[in-house]
Amino acid sequence: MAVVETRTEGDVGILTVNRPEALNAVNDEVIDGLVEAVEAFDADERIGAMIITGGGEKAFIAGADIKAMSERSYMDMFMNSKMNELTRLTRVRKPIIAAVNGFALGGGCEIAMMCDLVIASEKAKFGQPEIRLGVIPGWGGTQRLTRAIGKAKAMDLVLTGRMMDAQEAERSGLVSRIVPPESLMETAIEAAQAIAGFGRPAVMVAKEAVNRAQETTLAEGLLFEQRLFYSLFATEDQKEGMAAFIEKRQPSFKNK
Ligand code: HXC
């Protein structure tokens, strides 16, 4: 069985990290599986949005595989590490939803933050416990978490290694919705299908514009947004979306 399983629901691509015996800890095989599947869905014109979730009952992803990394040297990490490859998840253009079904710790919390939307089950738990292992986060935990929830909460989590539950994560701004465990996939698929049903150029530039807000000044970001807004008037989808509103009917987007 593949460590990253893929399936589709209409125009949504679903990836399940499937190492439940290790709480879906990320080894090199998982990195390859995730990156290949996300890039393949990104390139597949039938797919409009993706979901990443964890296999089994307990975990989304409990971090990088500690057993696989415990004996590695600095030179090994620096020269041969596949770990850098994971950041390719942040370079795809179609939105990715993290459907967090349980522990999202260390690299698991960081993978959720590489996604564009985080929907959590009431049982989800988030944390950056690396300090307890004698290290610090390495896939963005000190940077993305600080931007997502602010310095006070990020410092608390990164320095104490404590976990926060789904409610605290939502209050803090890390999670966009919390749902009962049994509704998690249904909710994530519904959100992904809604996204996939919109005009794809608009969806892709919306993602790009929101992400730009993390990287740039307000003035530059506003300019970037305005240019993208104008650019969408070159698409058939803009004509169709606005005509459909005026004619009081559902739009039929062509993704052109
Ligand atoms: C390898 C892991 C693992 C991990 C769990 N397991 N997390 N194996 N790497 N990150 C394994 C356990 O060893 C155990 O295997 C099985 O999964 C079940 O886990 P238990 O600990 O028995 O479950 P439980 O008591 O319920 O505790 C759950 C837990 C705990 C609180 C989530 O497993 C835990 O603290 N895991 C480590 C979380 C962590 O520190 N993550 C950060 C990793 S560093 P056996 O064989 O004993 O049954 C990281 C850096 C990222 O992510 C940056 C890289 C660049």
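Both backbone and side-chain heavy atoms feed into the values below; hydrogens, waters and symmetry mates do not. All values reported here derive from a predicted model rather than from experimental measurement. Order of appearance sets the numbers: ligands from 1, and atoms from 1 within every ligand.
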Per-ligand residue contacts, ligand 1, heavy-atom threshold under 4.0 Å: E21, A22, L23, A25, K58, A62, G63, A64, D65, I66, K67, M69, M83, F103, L105, G106, G107, E110, P129, E130, L133, G138, W139, M163

Contacts of E240 that satisfy side-chain hydrogen bond (donor to acceptor under 3.5 Å, both in side chains) - sequence neighbours left out: R249

Salt-bridge contact K67-D65 (side-chain N to carboxylate O under 4.0 Å): no

Distance-only polar pair, side chains of R227 and S231, donor-acceptor under 3.5 Å: no

Electrostatic pair R88:E85 at N-O distance under 4.0 angstrom: yes

D32 with K82: basic N within carboxylate O range, under 4.0 Å: yes

Carboxylate-amine/guanidinium contact D156 R162, below 4.0 Å: yes

